[in-house]
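Lettering of chains follows the sequences in order, A, B, ..., and the numbering in each one begins at 1.
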Amino acid sequence: MAVIWRGNTQDRLYQDTISSGGGNSHKHKDKYKDKEHKHKDHKKDREREKSKYGNSDHKEFSEKKHREKERIKHEDVSTDRHKDKHKEKDHRKDESGLFIRCLFLFFRTEFKPKKIKIENDRVDKKAKKRKQDEVQRRLMRSLFLVKDIKPKKTQKNKKGEVADGKKKAKKEPEEKWKWWEEERATDGSKWRFLEHKGPVMAAPYEPLPSKVRFFYDGKQMKLGPEAEEVATFFAKMLDHEYTTKDAFRKNFFKDWRKEMTSEEKSKITDLKKCNFNEMGEYFKAQSEARKAMTKDDKLKIKVENERLLQEYGFCIMDNHKERIANFRIEPPGLFRGRGDHPKMGMLKRRIRPEDIIINCSKDSKHPKPPPGTKWKELRHDNKVTWLVSWTENIQGSIKYIMLNPSSRIKGEKDWQKYETARNLKKCVDRLRNQYREDWKSKEMRIRQRAVALYFIDKLALRAGNEKEEGESADTVGCCSLRVEHINLYPEKDGQEFVVEFDFLGKDSIRYYNKVPVEKRVFKNLQLFMENKQPEDDLFDRLNTSILNKHLQELMDGLTAKVFRTYNASITLQQQLKELTSPDENLPAKILSYNRANRAVAILCNHQRAPPKTFEKSMQNLQTKIDAKKDQLSDAKRDVKSAKADLKVRRDEKSKKAVETKKKAVERLEEQLMKLEVQATDREENKQIALGTSKLNYLDPRISVAWCKKWGIPIEKIYNKTQREKFAWAIDMAEDDYEF
DNA sequence: AGTACGACTTAGGAGTTAGAGG
DNA sequence: CCTCTAACTCCTAAGTCGTACT
């Protein structure tokens with residue numbers, strides 16, 4: 001079974017390693033029989049309905065278009081893009097923190113980071129960098145002129161950047177809009193005015209040069225453009241292990257054949273006989289060539305990208321120019337699901353303008369479809385935040401183009417999320433008492449609800465919606481846990497009532513954990529598992545909808561995922577309090593921050609694949625360690641012989657010699673320990689991803705407050721993008737902010 | 001209560017870039 | 001200066017949750 005089966009962090013941090021694995025092959029077939037059909041028919045009906053009524057009943061907005069436009073402040077999000085590059089130099093090297101909890105204490109006292117490198121050095125580099133930048137900018141400008149790009153905003157911005165980005169670094173553009181100081185709409189509308197240029201369509205297919213051949217069964221064969229395009233998708237993935245998987249090959253071949261002419265179809269009947277190697281080589285060569293391009297050519301591409309960004313990357317929403325997140329339509333390709341996805345390898349088809357729904361203000365300048373095409377629909381729905389949508393062909397789900405996280409519309413929502421989590425903080429004790437009471441309930445469903453909630457709270461599990469079997473990888477969350485995903489141990493490793501979790505969660509990331517639970521929980525679990533098969537639901541009287549309905553009654557806005565946010569943020573706050581010591585220097589403090597962050601990442605089970613070069617860099621480190629060990633044993637031998645000398649001579653000189661040698665040993669021991677610690681550290685960080693929690697779970701105001709309290713520059717914690725996303729928090733949080 | 005859908009958040013990996021080290 | 005690596009950005013898959021409907 002080909003599942004992403006990474007060893008789990010918790011596993012290695014807190015417990016003995018286990019070597020379980022194994023697939024889950026269970027079937028709930030009856031339950032889902034015929035679902036697919038119904039599903040699809042239904043969808044079609046709805047679609048028909050929609051196009052019938054789509055445009056009819058939208059309110060007119062009173063604002064006059066031009067007046068709106070006049071008031072637009074041209075805050076240009078991208079202007080200072082490159083500006084503080086110099087400042088960006090962070091101290092990643094010092095970030096390497098140890099995680100293991102038992103080492104926390106030790107390190108707090110023992111770790112003395114090196115002084116950071118001298119400022120002088122940096123100033124020099126900065127100056128150098130600036131010079132380089134200036135050259136680049138000049139080039140950029142000349143390129144603009146050469147290419148005779150209409151000198152619209154883009155140009156101005158570019159020039160503006162050049163002008164004030166440099167010497168007068170002080171002169172910030174116009175001050176940023178502080179949406180968080182404004183009133184929020186209460187009527188459920190998301191905006192009043194929305195204007196944008198529509199999406200950037202995927203580049204059309206460029207047929208291969210005729211020298212690049214495809215062979216079937218050893219014989220060269222020219223493919224028609226449709227079949228050829230799909231073949232190139234496969235050829236591009238040739239050295240990815242996807243292409244060796246049965247499901248991938250099967251799905252690919254089936255969909256590929258659909259694109260073939262009847263002639264091709266009758267010839268090509270076996271994927272094994274297809275030879276895509278020349279195609280694969282061709283693409284490899286192409287990407288090599290791209291890497292080897294001259295600086296000028298690279299710059300041209302950069303400029304073109306920038307132009308596209310300026311033209312399509314922004315919209316106007318309620319008087320403000322806002323950055324769009326994904327303004328490009330997803331190009332066609334082969335579907336890459338995660339984990340053991342039944343649909344891997346299927347053809348993700350090209351999106352045409354006729355598939356695309358545009359959403360914007362009635363009174364805005366509507367985006368134009370490419371010449372000779374039209375949009376599927378033009379809609380004016382201000383109850384939603386998306387600008388563009390289309391239906392994807394693999395799962396039949398809808399994809400959207402929406403705004404950047406720095407936008408008002410995303411920021412408000414994010415802020416609100418943390419406020420809800422803070423509300424939970426106020427009543428979490430009450431809730432915890434409540435679910436503990438419910439463990440004793442006469443009703444099974446209440447007990448199940450209470451135990452599930454306990455897991456969600458204690459272990460930060462996801463809610464766990466039901467999924468349609470066969471539509472996606474077999475993964476679970478709390479409510480969808482099955483009996484096979486847990487093991488109960490009345491006693492294990494000296495602890496009582498241990499529950500062992502082992503399942504694949506979101507993105508097929510394995511969750512493995514052994515936790516001691518309260519006796520009552522344990523007994524309940526035994527009860528829930530009575531007379532069940534491994535593939536039966538653990539909580540058979542519960543689903544996310546029931547759970548969330550219950551939570552909603554306990555607190556306004558409360559849902560299962562709020563617990564994850566709450567527990568993540570509160571953990572960060574606590575850990576920061578615990579780990580930061582006032583007299584430490586800056587790198588040490590940042591180290592503490594990262595450790596706190598890491599604690600959260602572990603709680604939320606945020607993992608990453610070990611870096612590709614991980615083994616190698618580990619080996620290098622190990623070599624160093626071995627060398628150090630050799631040195632150490634040499635030094636120890638020296639001590640011995642010096643001692644022997646001393647015995648014979650008994651003079652001051654040899655006594656001193658012994659002392660020096662002993663010192664050397666001590667020094668080496670210390671160095672060795674540091675290296676070993678570094679190795680452990682790297683090993684621990686190997687598969688922990690800090691980014692996800694930082695971006696989605698940690699109230700940024702906690703970090704901002706911490707920075708202010710200890711005089712840490714915010715750039716050490718948040719990079720440019722993150723600072724843009726969390727601008728609201730950076731602006732509003734003071735050093736005494738309490739989550 | 002159950003189901004399906006739509007909208008939106010959360011997620012890890014691939015690709016790209018910058019900057020540290022050789 | 002060039003190469004190698006780590007960080008950052010982009011990409012899009014995979015979740016959550018509310019709502020409409022039955």
Side-chain angles (χ1 to χ4, degrees), chain A residues 4 6 32 35 38-43 45-47 50 82 85-86 88-90 92-93 95-96 117 125 129 132 190 237 240 287 290-291 298 301-302 305 325-331 333 335-339 341 343-344 348 381 383-386 389 391-392 394-400 402-403 405 409-410 413-414 417 462-468 471-473 475-477 479-480 505-509 543-549 551-552 557 559-562 564-565 604-609 611-614 616-617 620 687 689-693 695-697 719-722:
Chain A
I4 298 179
R6 297 177 196 151
Y32 296 105
K35 219 176 220 175
K38 273 188 221 158
H39 183 77
K40 293 217 169 113
D41 291 344
H42 219 116
K43 225 170 212 173
D45 287 342
R46 291 186 61 117
E47 255 169 47
K50 258 184 208 159
H82 310 278
K85 224 186 278 174
H86 331 293
E88 288 284 60
K89 214 175 269 176
D90 42 19
R92 289 292 141 56
K93 280 179 76 188
E95 272 186 30
S96 49
K117 251 204 153 174
K125 276 191 191 157
K129 184 101 214 324
Q132 278 178 5
K190 305 291 169 68
M237 301 178 72
H240 200 292
S287 81
R290 215 148 24 98
K291 265 185 230 156
K298 280 187 183 165
I301 293 174
K302 212 171 163 186
N305 278 333
N326 54 326
F327 54 89
R328 286 167 214 269
I329 294 288
E330 295 174 14
F335 176 76
R336 305 150 86 116
R338 310 212 177 125
H341 198 118
K343 298 189 171 183
M344 61 169 84
K348 197 169 107 169
D381 181 358
K383 298 283 185 284
V384 296
T385 67
W386 53 266
S389 77
T391 302
E392 152 263 12
I394 306 286
Q395 323 268 3
S397 65
I398 308 170
K399 299 263 187 163
Y400 303 94
M402 292 186 188
L403 297 194
I409 214 159
K410 294 289 182 189
K413 203 75 186 297
D414 205 37
K417 172 180 78 187
R462 295 187 184 82
N465 285 308
E466 300 101 295
K467 303 169 76 184
E468 271 177 65
E471 295 293 299
S472 58
T475 62
V476 297
C479 294
S480 49
K506 182 176 180 180
D507 293 321
S508 293
I509 297 293
N543 61 38
T544 53
S545 155
I546 295 169
L547 180 65
N548 280 335
K549 223 164 258 166
L551 292 175
Q552 185 57 242
T559 63
K561 85 187 186 74
V562 178
R564 248 167 102 81
T565 313
C604 295
N605 199 38
H606 290 141
Q607 297 187 235
R608 60 167 184 171
K612 280 206 178 66
T613 49
F614 186 84
K616 211 178 91 196
S617 75
N620 288 346
Q687 39 188 7
L690 302 187
T692 305
S693 48
L695 230 48
N696 300 301
Y697 288 103
N719 69 28
K720 182 91 169 41
T721 322
Q722 293 163 340

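Residue whose closest nucleotide on DNA chain B sits further toward the 5' end, between A:Ile409 and A:Lys298: A:Ile409. Checking A:Ser472 against A:Lys549, the closest nucleotide of DNA chain C that is more toward the 5' end is the one next to A:Ser472. Where A:Tyr697 and A:Ser545 each meet DNA chain B at their nearest nucleotide, the meeting point lying more 5' is that of A:Ser545. Comparing A:Lys348 and A:Gln722 along DNA chain C, the residue whose closest nucleotide (by nearest heavy atom) sits nearer the 5' end is A:Gln722.
Checking B:dA7, C:dA13, C:dT12 against the side-chain heavy atoms of A:Pro331 singles out C:dT12 as nearest. Nearest to the side-chain atoms of A:Arg338 among the listed nucleotides C:dC17, B:dC8, B:dA11 stands B:dA11. Minimum atom distance to the side chain of A:Asp507 is reached by C:dA14, of the listed C:dA13, B:dT9, C:dA14. Listed nucleotides B:dT9, B:dA7, C:dT12 differ in distance to A:Trp386; the shortest reach to its side chain belongs to B:dA7. Checking B:dC8, B:dG2, B:dT9 against the side-chain heavy atoms of A:Lys410 singles out B:dT9 as nearest.
Within the structure, every side-chain polar atom (N or O) of A:Lys291 is placed at least 4.0 Å from both OP1 and OP2 of B:dT17. Taking only side-chain nitrogens and oxygens, A:Asn548 comes nearer than 4.0 Å to OP1 or OP2 of C:dC17. Proximity of A:Thr544 to the phosphate of C:dT16: no side-chain N or O atom is located under 4.0 Å from OP1 or OP2. Phosphate proximity of C:dA14 to A:Gln395: present, with a side-chain N or O under 4.0 Å from OP1 or OP2. The side chain of A:His341 contributes no N or O atom lying less than 4.0 Å from OP1 or OP2 of C:dA13. Residue A:Lys302 places none of its side-chain N or O atoms closer than 4.0 Å to OP1 or OP2 of B:dT17. Phosphate proximity of B:dT10 to A:Lys561: present, with a side-chain N or O under 4.0 Å from OP1 or OP2. Using a 4.0 Å cut-off, no side-chain N or O of A:Thr559 falls inside it from OP1 or OP2 of C:dG18. The phosphate of C:dA14 has neither OP1 nor OP2 within less than 4.0 Å of any side-chain N or O from A:Ser397. A:Arg564 has a side-chain polar atom (N or O) that falls below the 4.0 Å cut-off from OP1 or OP2 of B:dA11. Contact check, A:Arg290 against B:dT16: a side-chain N or O comes under 4.0 Å of OP1 or OP2. Listed pair A:Asn696 / B:dT9 fails the phosphate criterion, with no side-chain N or O lying under 4.0 Å from OP1 or OP2. Checking the phosphate oxygens (OP1, OP2) of B:dT10, a side-chain nitrogen or oxygen of A:Lys417 falls inside 4.0 Å.
Checked by atom type and distance alone, the side chain of A:Asn326 pairs as donor or acceptor with a backbone atom of A:Tyr400 at under 3.5 Å. One N or O on the side chain of A:His341 and one on the backbone of A:Glu471 form a donor-acceptor pair closer than 3.5 Å. Side chain of A:Lys467 to backbone of A:Val476: no donor-acceptor contact under 3.5 angstrom is found.
When all heavy atoms of A:Gln607 and A:Ile509 are compared, the closest pair comes out as OE1-CG2, 3.4 Å. Pairing each heavy atom of A:Lys298 with each of A:Arg290, the nearest pair is CE-O, 3.8 Å. Heavy atoms only, all atoms of each residue included: A:Glu392 and A:Gln395 are closest at OE2-N, 3.1 Å.
No side-chain heavy atom of A:Lys506 sits less than 4.5 Å from a side-chain heavy atom of A:Thr475. Side-chain contact between A:Cys479 and A:Leu547 is present, with heavy atoms from C-beta onward closer than 4.5 Å.
Counting non-hydrogen atoms under 4.0 angstrom, A:Ala473 reaches nothing in the nucleic acid. Note on A:Ala463: only backbone sugar-phosphate atoms sit closer than 4.0 angstrom, heavy atoms only; bases stay farther off. Using a 4.0 Å heavy-atom distance criterion, A:Gly477 is classed as making no nucleic acid contact.
What separates CD of A:Glu471 from P of B:dC5 is a distance of 11 Å, to the nearest Å. Distance A:Tyr400 OH to C:dA14 C1': 14 Å, rounded to the nearest Å. What separates CZ of A:Arg328 from C1' of C:dC10 is a distance of 9 Å, to the nearest Å. With rounding to whole Å, A:Lys343 atom NZ is found 13 Å from C:dA13 atom C1'. Rounded to an integer number of Å, the gap from NZ of A:Lys467 to P of B:dG2 is 21 Å. Following rounding to the nearest Å, A:Ile509 (CD1) and C:dA13 (P) show an atom-to-atom distance of 16 Å. The nearest whole Å value for the distance from the CD1 atom in A:Ile398 to the P atom in C:dT12 is 18 Å. Following rounding to the nearest Å, A:Lys720 (NZ) and B:dA18 (P) show an atom-to-atom distance of 13 Å.
Scanning atom types as modelled, one donor and one acceptor separated by under 3.5 angstrom connect the side chain of A:Lys506 and the base of B:dT10.
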